[in-house]
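Every number for a ligand or one of its atoms is a count from 1 in the order of the listing. Side-chain atoms are counted along with the backbone in the values below, which use heavy atoms only and exclude waters and symmetry mates.
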Amino acid sequence: MAETNCIFCKIANGEIPAKRLGESAQAIAFADLNPQAPTHLLIIPKQHLASLAHAADADSALLGELLTFAKTTAAALGVAERGYRLVINTGHDGGQTVHHLHVHLLAGRQMSWPPG
Ligand code: AMP
Ligand code: ZN
């Protein structure tokens with residue numbers, strides 16, 4: 001179900017444009033508007049889920065699909081061999097600003113640790 005006023009639901013259903021980079025049964029990938037690395041995209045479920053903290057046990061197949069789709073997308077974009085980072089900001093302290101679950105896929109430069 002789409003959530004009113006959720007920007008990522010609007011991207012998922014085509015109401016707001018985005019540079020789409022792939023699609024799986026339950027997820028889509030699109031370029032982040034404010035990239036933090038040469039390759040920076042977001043993997044989101046098509047259905048609204050506010051955050052990882054809102055996922056139920058029944059969502060485990062969906063959560064698995066987000067990761068396998070991220071892996072497949074990284075390979076398709078040619079960044080799998082050099083490596084990449086997946087990030088799921090969750091809640092206030094996690095730095096989450098858009099409240100529709102998303103996996104950041106960052107690649108194309110050496111990442112540092114710890115994250116800010
Ligand atoms: P987070 O801080 O983890 O919630 O990340 C939200 C991300 O969504 C940020 O990296 C934003 O640049 C990105 N973002 C926000 N609005 C859009 C949009 N309309 N299209 C693509 N990316 C977006
Ligand atoms: Zn949503």
Side-chain angles (χ1 to χ4, degrees):
M1 270 298 281
E3 183 89 354
T4 317
N5 294 327
C6 172
I7 193 161
F8 286 179
C9 282
K10 289 182 177 170
I11 287 175
N13 68 26
E15 267 183 73
I16 288 181
K19 185 181 175 195
R20 286 194 182 227
L21 296 164
E23 178 170 6
S24 70
Q26 299 185 86
I28 60 167
F30 57 93
D32 195 292
L33 210 52
N34 184 22
Q36 303 300 313
T39 296
H40 184 179
L41 52 123
L42 301 171
I43 312 274
I44 67 165
K46 293 175 183 175
Q47 69 177 63
H48 184 81
L49 188 57
S51 80
L52 186 61
H54 293 75
D57 288 353
D59 293 318
S60 47
L62 171 65
L63 297 178
E65 182 176 323
L66 293 178
L67 290 185
T68 53
F69 179 47
K71 180 205 78 167
T72 305
T73 304
L77 293 174
V79 298
E81 197 169 324
R82 284 190 61 89
Y84 53 87
R85 179 170 292 175
L86 302 180
V87 175
I88 305 177
N89 295 328
T90 305
H92 178 271
D93 281 5
Q96 185 178 7
T97 60
V98 176
H99 299 283
H100 179 129
L101 174 62
H102 50 282
V103 180
H104 293 260
L105 193 165
L106 299 134
R109 65 170 169 82
Q110 175 69 61
M111 301 296 155
S112 59
W113 194 263

> What are the atoms of ligand 1, with element, lying closer than 4.0 Å to any heavy atom of Ile11?
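Checking each atom against Ile11, I get 18 (C), 19 (N), 20 (N).
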
> Which of the N/O/S atoms in His100 sits closest to the Zn ion (ligand 2)?
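Sorting the N, O and S atoms of His100 by distance to the Zn ion (ligand 2) puts ND1 first.
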
> Are more than 12 heavy atoms from other residues, nucleotides or ligands located less than 6.0 Å from atom CZ of Arg82?
no

> Tell me whether His99 has at least one N, O or S atom under 2.8 Å from the Zn ion (ligand 2).
no

> Purely on distance, is any nitrogen or oxygen of His104 under 3.5 Å from one on ligand 1?
yes

> Ring centroids only, cut at 6.0 angstrom: are His102 and His100 within range, meaning strictly under it?
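Judged by ring-centre distance (under 6.0 Å), His102 and His100 do not meet the cut-off.
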
> So if I count the atoms of ligand 1 from 1 in the order they appear, which ones are less than 4.0 Å from some heavy atom of Asn89?
1 (P), 2 (O), 3 (O)

> Using a strict 4.0 Å cut-off to heavy atoms of Ala31, name the atoms of ligand 1 that fall inside it.
21 (C)

> In this structure, does ligand 1 have an atom that sits under 4.0 Å from one of the heavy atoms of Ala18?
no

> Considering only the protein, which heavy-atom contact is closest to atom 8 (O) of ligand 1, and what is its distance?
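Answer, as residue, atom name and distance: Phe8 CZ, 3.5 Å.
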
> Identify, for atom 1 (P) of ligand 1, the protein heavy atom at the shortest distance, and state residue, atom and that distance.
His102 NE2, 3.1 Å

> Please find the pair of heavy atoms, one from Gly14 and one from Arg20, that lie closest to each other, and give the distance.
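Looking at all heavy atoms of both residues, the closest pair is N-NH2, 4.2 Å.
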
> Any nitrogen or oxygen of Phe30, main chain or side chain, under 3.5 Å from a nitrogen or oxygen of ligand 1?
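Phe30 vs ligand 1: no N/O contact under 3.5 Å.
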
> Is the shortest distance from a heavy atom of Val87 to ligand 1 less than 4.0 Å?
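No heavy atom of Val87 comes that close to ligand 1.
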
> So, 4.0 Å and heavy atoms of Gly94: is ligand 1 close enough to count as a contact?
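The answer is no, since Gly94 has no heavy atom less than 4.0 Å from ligand 1.
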
> Note the single closest protein heavy atom to atom 7 (C) of ligand 1, along with its residue, its atom name and the distance in Å.
Asp32 OD2, 3.5 Å

> Could you list which atoms of ligand 1 come closer than 4.0 Å to a heavy atom of Gln96?
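Listed by number with element: 4 (O).
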
> Where on Leu42 is there a heavy atom closer than 4.0 Å to ligand 1, on the side chain, on the backbone, on both, or on neither?
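For Leu42, the contact with ligand 1 is made by the side chain alone.
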
> For ligand 1, is there an N or O atom under 3.5 Å from any N or O atom of His40?
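No: no nitrogen or oxygen of His40 is under 3.5 Å from one in ligand 1.
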
> Report yes if some N/O of Ile7 lies less than 3.5 Å from some N/O of ligand 1; otherwise report no.
no

> With the Zn ion (ligand 2) at the apex, how many degrees lie between ND1 of His48 and SG of Cys9, rounded to 10 degrees?
110°

> Identify the heavy atoms of Ala70 and Leu105 that sit nearest to each other, and give their distance.
O-CD1, 3.5 Å

> Please list the nearest protein heavy atom to atom 23 (C) of ligand 1 with its residue and the distance rounded to 0.1 Å.
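Protein heavy atom with the smallest distance to atom 23 (C) of ligand 1: Leu33 CB, 3.8 Å.
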
> Considering the heavy atoms of Asn34, write down every atom of ligand 1 situated less than 4.0 Å from one of them.
12 (O)

> Could you check which of Val98, Ile44, Thr97, Ile88 puts a non-hydrogen atom nearest to atom 15 (C) of ligand 1?
Val98

